[in-house]
Amino acid sequence: MRNEETEVKERTWSILETVGSKKESLIPILQKIQEELGYLPSYAMIEVARFLNIPEIDVYSVVTFYNQFRLNPPGKHSIRVCMGTACHVKGGHITLEAWERRLKIGPGETTPDREFDLDTVACVGCCAMAPVSVVDKRVEAKADPTRVDGILLSYQLQKGQEEKGKD
Amino acid sequence: MKFEEVSKQAQAQWDDIWNGSSPVILVGTATCGRASGALDVLRTIRETVKKQDLNCVVYEVGCMGHCYAEPLVTLRKPGFPPICYGRVSPVLAENLINNFILNDDPCLEFVLGALEENDLVPSFQDFPRWKYEKRILLRNCGEINPEEIEHSIGKGGYEGLAKALQMKPEEILSEIKRSKLRGLGGAGFPAGEKWEVCRHSEEEPKYLIGNGDEGDPGAFMDRAILESDPHSVLEGMVISGYAIGARYGYIYVRAEYPLAVQRVQRAIDQAEEYNLVGEKILGSDFSFDIKLFQGSGAFVCGEATALISSIEGKPGIPRHRPPRVAVQGLFGKPTVLNNVKTLAYVPHIIKNGADWFLQTGTEKSKGTVVFALAGKVVNTGLVEVPMGTTLRQLIFQVGGGIPKGKRFKAVQIGGPSGGCLPDSALDLPIDFDSLQESGAMMGSGGMVVLDEDDCMVEVARYFLDFTQKESCGKCTLCRLGTKQMLDILDEITKGRGRMEDLETLRELAQDIKQGSLCGLGRTAPNPVLTTLRYFREEYEAHIQERRCPSLMCQPLIAYYILPEKCARGCDACVGTCTVEAISTDPKSRTKVIDQEKCVKCNTCLVACPPQYDAIVKLSPPDLVPKRGSTPSVGKTVL
């Protein structure tokens, strides 16, 4: 565990060195760290608090207030199911159920093998394409349960091929 | 270089692209286009052009508004009008190049419409929506490359700014006041008044914020404008910054819109290069810096004071007003906060004058309004219409009505703060005031159309679930009241409601409206209140008959295969069932759904071939006959 702590701290400081230490930079800093590390480990938050000279609880309160920030490490592939109005009336909740059923995890969680993480998003603004899921930053239009199975199958095939390549 | 020269050069460049001798290919790559595969199409086009060594200009454009037909590709070939093609696949794109660019066949069967009237192909002017549309804010969307400032300038961009810098700030203020421009973020507060208060405040420095925190689910107008024509917003920001005497500006864009973030940042960098933003703009004494701030996904940050506190690096919790933001805003200094669409309007008003603006719209609401049409409507997409257009015109003429011959039920307007309006309210003119009277509100411009398959109780529950989660928790009634309302609605959609719940809902709604500080709490009960007002019989069916009339609430429905209609030999439903709940009856060969296993995902109903149409939804679920007995389908709603 010792190693993880030092690694997180080092990577956090390499970002902190590039930004100003004004208090109002807190959110952009956290965004940068999350982009780099994929989530916000507690070690990183402690360093940010020290850097900005603010109480640790202030960092934590901002992180837990906004939907964008994650406290869990992400999976290799991220899945964001849109819960906007248009997606809802076209069956977004059914799509979410399909993901939950197939991955056996709930929103905000990562599969034990760290292949996939699942979460909901308020609206990605592609309402005309509802229901929408965002898979690895790629917006999947009209993602119904059959499409969910199709997407997962394509990842399985890809993984199988990669493993074959390794042998 | 002087702006006139820059502008002349850009205009010549634009003219060269648009009226030159080489063909032009435009690919719509806003987020909606990308979701339908526009990037694959773009790649194919680039490769084909390279392979065939064609002298062709290929560039990306933003959203044209015809989202239902994405991906869109527009081809302009000398001698032909510019033609737009819809639902373009990579294969079709290659064919279009081979048949149209290389030979002179415009492939009429794939044409969506021509951009100009002509004798050869049907044009957009022949579309029923053309009669109602008036594109001012969306003027450049889908035509220019949002990543090239020269395109924007070539089309007249920043001319308003050049003119504004010749005027006195007071003159701009009085022009905006005279134009009666109202905030297009939803509340409709007169922009000129806000500006004036800020201008006359003595504190320094002053700030300007462009609000693109479009948190309203079901709305994508701001995203489309920021992705398709970011310079129009920047130009408006600089002008209003000049008018109010601000030194710094922030443009607040949601982090959920990565493409918009990227294009806005690029636009800021380019505008700085041309000295349209930054120190001593265009040689004047006025300096104005614009910074991009990414919102982190909190609906409440659409509220001015919450947004400001999030820029300050704090949780987005609204504060009491007064003092007004225009007096004490960002970092305690006078601040003007306007929606990005309002700001994008400013250059047009300065360029064309307030009188030009006053010609469009209704008595109290002037200009045009951009709507995002989504849900159960044929032509989903983005549309700009003059204020005063009726909802009926917008949904049935512009939107093309309800798909699959279904019946219209309601239109949800204004997002979680708005309401659901029934057929009887469709002749209301769209403006700030008349919608408010009907119990809804214009909101930012999201419009979701609902048909007979949508349950109004479930829709109300959905919105409350959203606002309940997004409530920041500061005001007790908003925090706890929405939770109580949600619990009641949850019970109703599960068939466990009581008639007295309806009265409790109404009381709670009134209390939350009165006891909340900001717009989120004050409007959160609107979806429940409007559905109770217009669709009470649906609530009653859920409570008294344990039945969902629209067959949407999952706990109240069951899927059933009609034995007399089932084709027996066909296995479509068995194959698609995601949980293997469908099996074949060994005796009769008909398919049977195991109700215990069924997760009600609707996949089998979609898969059942239309000539059999054997799968139905039943509500209440105990209508499903026990195995072996004859079904009593008399009470079903098919």
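No experiment lies behind these values; they were computed from the predicted model shown. Proteins come first, then strands; the chains are lettered A, B, ... in the order of their sequence lines, and each starts at number 1.
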Does atom CZ of A:Arg50 have more than 12 heavy-atom neighbours, drawn from other residues, nucleotides or ligands, at distances under 6.0 Å? no
What heavy-atom pair brings B:Val599 and A:Glu97 nearest, and what distance separates the two atoms? O-OE1, 4.0 Å
Is B:Glu214 in contact with chain A via its backbone, its side chain, both, or neither, using a 4.5 Å heavy-atom distance? neither
Take a 6.0 Å sphere around OH of A:Tyr155 and say whether it holds more than 12 heavy atoms from other residues, nucleotides or ligands. yes
Enumerate donor-acceptor pairs with a distance under 3.5 Å from any side-chain N or O in residues 71-81 of chain A to protein atoms, sequence neighbours excluded.
from    : atom 1 : to       : atom 2 : distance (Å)
A:Asn72 : ND2    : A:Gly108 : O      : 2.9
A:His77 : ND1    : A:Asp136 : OD2    : 2.7
A:Arg80 : NH1    : A:Asp117 : OD1    : 2.9
A:Arg80 : NH2    : A:Asp117 : OD1    : 3.2

Any heavy-atom pair between the side chains of B:Lys469 and A:Met83 that's under 4.5 Å? no
Measure distances from A:Asp144 to the heavy atoms of chain B and classify the residue's part below 4.5 Å as side chain, backbone, both or neither. neither
Within residues 306-316 of chain B, the residues sitting under 4.5 Å from chain A by heavy atom, in sequence order, are B:Ser310, B:Ile311, B:Glu312, B:Gly313, B:Lys314, B:Pro315, B:Gly316
Pick from B:Ser296, B:Pro258, B:Gly415, B:Ala35 with the largest number of heavy-atom pairs that fall under 4.5 Å of chain A: B:Ser296
A:Tyr66 and B:Ala298: which non-hydrogen atoms are nearest, and at how many Å? CD2-CB, 3.7 Å
Segment of B:Thr576 engaging chain A (4.5 angstrom heavy-atom cut-off): neither
Enter the distance from B:Phe293:CZ to A:Gln31:CD here, rounded to the nearest 0.5 Å. 6.0 Å
Counting heavy-atom pairs closer than 4.5 Å to chain A, which one of B:Phe299, B:Tyr68, B:Phe331 comes out on top? B:Phe331
Part of B:Val300 within contact of chain A (heavy atom distance under 4.5 Å): side chain
Would you please name every residue forming a ring pair (Phe, Tyr, Trp, His ring centres under 6.0 Å) with B:Phe371, sequence neighbours left out? none
Does the side chain of A:Met129 reach to within under 4.5 Å of the side chain of B:Ser36, using non-hydrogen atoms? yes
For each of B:Gly375, B:Gly37, B:Gly215, tally heavy-atom pairs with chain A at distances under 4.5 Å, and name the one with the top tally. B:Gly375
Measuring heavy-atom distances to chain A, does B:Cys455 have an atom under 4.5 Å in its side chain, in its backbone, in both, or in neither? neither
Mind listing the closest non-hydrogen atom pair of A:Arg101 and B:Thr578 along with its distance? NH2-OG1, 3.2 Å
Give a yes or no on whether the backbone of B:Ala255 and the side-chain of A:Gln68 come within a donor-acceptor separation of less than 3.5 Å. no
Counting heavy atoms not belonging to A:Asn53, are there more than 12 under 6.0 Å from its CG? no
Which residues from residues 85-95 of chain A are near chain B, with near meaning under 4.5 Å between non-hydrogen atoms? A:Thr85, A:Ala86, A:His88, A:Val89, A:Lys90, A:His93, A:Ile94
